[in-house]
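Basis for what follows: all heavy atoms, side chains included, without hydrogens, waters or symmetry-related copies. Please read all numbers here as calculations on a predicted model, not as lab measurements. Chain A is the first sequence line, chain B the second, and so forth, proteins listed ahead of strands; every chain is numbered from 1.
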Amino acid sequence: MRVSQFFLSTLREAPAEAEVVSHQLMLRAGLIKQLTRGVYTWMPLGLRVLRKVEAVVREEMNAAGAIELSMPAVQPAELWRESGRWEQYGPELLRIKDRHQRDYCFGPTHEEVVSDIVRREVKSYRQLPLNLYQIQAKFRDEIRPRFGVMRAREFVMKDAYSFHADKASLDKTYREMVDCYSRIFTRLGLKFRAVAADTGTIGGTGSHEFHVLADSGEDAIAWCPDSDYAANVELAEAIEPFKPRSTPAQGMKKVPTPGKTTCEAVSEFLGFPIEKSVKSIVVAANDSLYLLLIRGDHTLNEIKTSKIRFLSKFRFATEDEIKNAFRSRPGYIGPVGISSMIPIIVDRTVAKMSDFVCGANEDGHHLTGVNFGRDIKEPEHVFDIRNVVAGDASPDGKGRLEILRGIEVGHVFQLRAKYSREMNLAFLDESGKSQIMEMGCYGIGITRIVAAAIEQNHDGRGIIFPRALAPFELALTPIGMGKSARVRETAERLYRELAAAGVDVLLDDRDERPGVMFADMELIGIPHRAVVGERGLKNGQVEYQGRRDERAESVPLQDAINYLKSKICG
RNA sequence: CGGGGUGUAGCGCAGCCUGGUAGCGCACUGCGUUCGGGACGCAGGUGUCGGAGGUUCAAAUCCUCUCACCCCGACCA
């Protein structure tokens with residue numbers, strides 16, 4: 001490809017709305033343009049990158065025995081009503097009406113459609129297992145799209161769905177998909193980690209997420225350097241402290257803490273470590289209030305909390321609800337002396353605490369030296385309801401946890417019979433008996449991968465695309481080709497020969513000043529560059545520089561093709 | 001959904017407070033000089049000042065409504 005015949009649109013300055021580096025660079029390099037909130041055009045250069053990702057995913061999915069199809073983006077509401085998700089899915093589902101006022105949605109995912117296909121087509125165990133996938137635009141009406149294509153409303157996803165006669169078959173395919181995903185992200189040149197995950201709204205049982213590691217990632221991952229334990233913090237278990245609760249050493253005392261409404265402020269004000277404080281959180285579920293206790297420096301894990309049977313649909317209490325029930329403002333509430341109508345849910349860590357500090361249920365006051373068994377009754381409901389923090393014991397007992405940040409780029413689920421039961425995915429087994437299929441689903445965020453790869457691979461000059469993602473493999477940069485016939489002819493010949501040798505080369509034939517060409521080629525992240533200029537040609541040489549190299553090296557012109565090929569393939 | 005912010009040329013911004021016929025840098029077009037790390041000179045084009053309504057002799061500027069985008073929050077006491 002020649003730059004003169006392509007459509008580069010680089011910017012010197014990043015548009016003001018971009019916050020994270022990948023978004024800034026994608027805009028500056030002209031990979032994407034925003035059309036409206038959370039919706040982007042993929043410009044020619046960006047589309048090349050997207051196609052590279054797709055190609056790797058497609059190859060590996062095919063190699064793993066999955067079969068590609070393409071399902072409609074627009075789906076009838078009936079199918080969603082059948083699975084129960086028309087009501088369940090909430091405002092993230094973009095609902096549309098046709099001219100007859102019939103309900104449709106723009107698919108955020110395709111369990112319903114694929115299930116409908118399979119139940120019509122698959123009748124026998126002989127047709128199973130079956131793993132179907134597609135690569136397609138999805139729409140999810142996110143509350144707050146962010147970070148460019150990282151959290152967009154419209155995005156491209158690879159979604160696969162597998163169908164099985166039994167759990168063993170599902171397990172096998174699930175493992176194959178985990179391996180397949182590992183190969184995909186390895187081939188894409190990404191630093192990633194597979195972690196145990198929560199199943200979220202899609203439902204089902206076993207689940208792993210694949211995260212590209214990046215400080216800007218929206219997810220926190222707990223992992224143990226001493227074992228292979230890794231889990232999303234949403235899921236990671238905070239195990240019960242080993243140390244037994246020490247016996248009370250202090251008497252309970254009410255102290256004034258005017259204006260100090262957070263554990264941090266109270267501990268600082270009173271001069272004790274925040275680990276001695278207990279945070280009181282009021283939630284409502286089924287028209288009752290519940291008081292949750294976690295240690296002052298910990299944060300509540302809402303997903304774990306919602307797994308407690310009677311809190312499955314909890315919400316945070318309103319300020320008025322709190323005032324009515326505790327006769328004090330939020331910030332000064334606590335478990336001592338409250339109505340027995342309010343059950344107290346105690347985090348495992350808190351259950352082992354003694355002589356702690358908490359709100360006094362009186363504005364401007366806290367209690368110190370509070371103890372279970374003496375000042376309040378022994379905890380009845382002890383659960384793991386907090387997020388793990390760095391330094392916590394690993395749930396597998398093999399060391400201590402560390403926290404990393406990651407960008408979720410893949411997710412695999414064992415859906416089991418969740419959809420197949422609702423939608424009656426039945427088949428006849430070997431004995432002619434009707435059975436319900438086991439089902440798995442496997443997603444990869446194609447568009448998000450591009451952003452994640454840039455997040456992980458960039459420098460002050462721009463993007464550094466991993467080989468598998470690069471829109472072009474080699475930038476061929478002639479210097480002064482308008483002036484020097486020798487430069488022009490050499491560049492044109494190299495261009496032809498490289499193209500003939502199968503190299504995806506971008507010839508910068510703009511006859512720009514060298515600085516402009518170098519800056520553009522570096523910004524858009526071409527991994528290799530060859531420079532043809534009078535200076536080198538005088539000595540029969542051209543220059544080569546890798547995108548990460550400090551300086552260029554000279555190569556004899558007659559060896560150039562082979563040398564560049566070896567660099568590109570190396 | 002709540003709060004805050006911003007809309008002026010393709011991009012980054014000034015002008016608004018204090019109303020008087022719209023600017024700067026980059027980009028773009030032409031010519032010339034330059035030519036190994038985002039050149040320089042000269043000449044030039046570019047705007048429904050997000051939209052609608054109002055106040056006024058006069059509105060980018062003041063008022064009302066509205067739309068879009070961005071950020072923060074959505075109760076972690």
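Put simply, CG on A/Asp520 is 16 Å from C1' on B/G36, counting in whole angstrom units. Taking atom CE on A/Met481 and atom C1' on B/G36, their separation rounds to 16 Å, with Å as the unit. When the P atom of B/A39 is taken as reference, atom CE of A/Met517 falls 11 Å away, rounded to whole Å. Taking atom CD1 of A/Ile524 as the reference point, atom P of B/G38 lies 18 Å away to the nearest angstrom. The interatomic distance linking A/Phe314 (CZ) with B/C75 (C1') rounds to 11 Å, in whole Å. For the pair A/Phe518 CZ and B/A39 P, the computed distance is 12 Å after rounding to whole Å. A straight line from CZ of A/Arg535 to C1' of B/G37 spans 11 Å, rounded to a whole angstrom.
Phosphate proximity of B/C75 to A/Arg315: absent, as no side-chain N or O sits under 4.0 Å from OP1 or OP2. Side-chain nitrogen and oxygen atoms of A/Thr36 include at least one within less than 4.0 Å of the OP1 or OP2 phosphate oxygen of B/C69. Checking the phosphate oxygens (OP1, OP2) of B/A68, no side-chain nitrogen or oxygen of A/Gln34 falls inside 4.0 Å. Applying the 4.0 Å criterion to OP1 and OP2 of B/C72, one finds that A/Arg144 has a side-chain N or O inside that range.
Comparing the P positions of B/C26 and B/A22 gives a spacing of 23 Å, expressed to the nearest Å. When the C1' atom is compared between B/G20 and B/A58, the two are found 7 Å apart, to the nearest whole Å. Annotation: B/U6 and B/C13 have their P atoms spaced 12 Å apart (nearest Å). Only the C1' atoms considered, B/C49 is 11 Å distant from B/A59, to the nearest whole Å. A gap of 15 Å separates the C1' atoms of B/A27 and B/A39, to the nearest Å. On the C1' atoms, B/C70 is 23 Å away from B/G47, given to the nearest whole Å. Taking the C1' atoms as reference points, B/C57 lies 50 Å from B/G38, given to the whole Å. Here, B/G19 and B/A60 have their P atoms 13 Å apart, quoted to the whole Å.
Looking at the side chain of A/Arg146, the nearest of the listed nucleotides B/C75, B/G36, B/C72 is B/C72.
Closest heavy-atom contact between A/Leu498 and A/Ile561: CG-CD1, 3.8 Å. Residue A/Phe326 comes nearest to A/Gly334 through the heavy atom pair CE2-O, 3.9 Å, listed as atom of the first residue, atom of the second, then distance.
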Exercise for review: Give the B/S/- string for nucleotides 4-14 of chain B, one per nucleotide from 5' to 3', where a protein heavy atom under 4.0 Å of the base yields B, of only the sugar-phosphate yields S, and otherwise -.
Suggested key: -------SSS-
Check your understanding: Which parts of nucleotides 27-35 of chain B does protein reach within less than 4.0 Å, heavy atoms only, written one letter per nucleotide 5' to 3' as B for base, S for sugar-phosphate only and - for none?
Key -> -------BB
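For A/Lys538, the NZ atom is loosely surrounded, since the number of other residues' heavy atoms within 6.0 Å does not exceed 12.
Counting non-hydrogen atoms under 4.0 angstrom, A/Leu27 reaches nothing in the nucleic acid. Heavy atoms of A/Gly482 sit nowhere under 4.0 angstrom from any nucleic acid atom. As judged by a 4.0 angstrom heavy-atom cut-off over every strand, A/Arg28 is placed among the base-contacting residues. Counting any heavy atom pair closer than 4.0 Å across all strands shown, A/Thr261 reaches sugar-phosphate atoms only and no base atom.
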Point to revise | Chi angles and distances behind the salt bridge (Lys or Arg N to Asp or Glu O under 4.0 Å) call for A/Arg548, A/Asp459 | key: CA-CA 9 Å; A/Arg548 290 181 193 273; A/Asp459 64 12; over 6 Å; no
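Across every strand in view, B/C62 sits in a pair with B/G54 that passes the Watson-Crick or G-U test at under 3.5 angstrom. Pair check for B/G36 finds none; no Watson-Crick or G-U wobble contact set falls under 3.5 Å.
Of the N and O atoms on the side chains of A/His365 and A/Tyr332, not one donor lies less than 3.5 Å from an acceptor on the other residue.
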Name the atoms and distances for all side-chain donor-acceptor pairs under 3.5 Å in residues 267-278 of chain A, with sequence neighbours left out.
residue: A/Ser267; atom: OG; partner: A/Cys263; partner atom: O; Å: 3.0
residue: A/Ser267; atom: OG; partner: A/Glu264; partner atom: O; Å: 3.0
residue: A/Lys276; atom: NZ; partner: A/Ser354; partner atom: O; Å: 3.0
residue: A/Ser277; atom: OG; partner: A/Ile274; partner atom: O; Å: 2.7

Which atom pairs, one a donor and one an acceptor, fall under 3.5 Å between side chains of residues 28-41 of chain A and the rest of the protein, sequence neighbours left out?
residue: A/Arg28; atom: NE; partner: A/Leu11; partner atom: O; Å: 3.0
residue: A/Arg28; atom: NE; partner: A/Arg12; partner atom: O; Å: 3.3
residue: A/Gln34; atom: NE2; partner: A/Thr36; partner atom: O; Å: 3.2

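Annotation: proximity of residues 376-391 of chain A to RNA chain B (heavy atom, distance under 4.0 Å) is found for no residue.
Of the listed residues (A/Ile281, A/Leu292, A/Thr305, A/Leu291), just one forms a side chain to side chain contact (heavy atoms under 4.5 Å, CB included) with A/Ile345, and that residue is A/Leu292.
Identified under the ring pair (Phe, Tyr, Trp, His ring centres under 6.0 Å) test for residues 278-297 of chain A, with sequence neighbours left out: A/Tyr290-A/Phe310.
In this structure, A/Phe314 and A/Phe316 have perpendicular ring planes: the angle between them is above 60°, well past the 30° mark.
At a cut-off of 3.5 angstrom, counting only N and O atoms as typed in the model, there is a donor on one side and an acceptor on the other between the side-chain of A/Arg529 and the base of B/G37.
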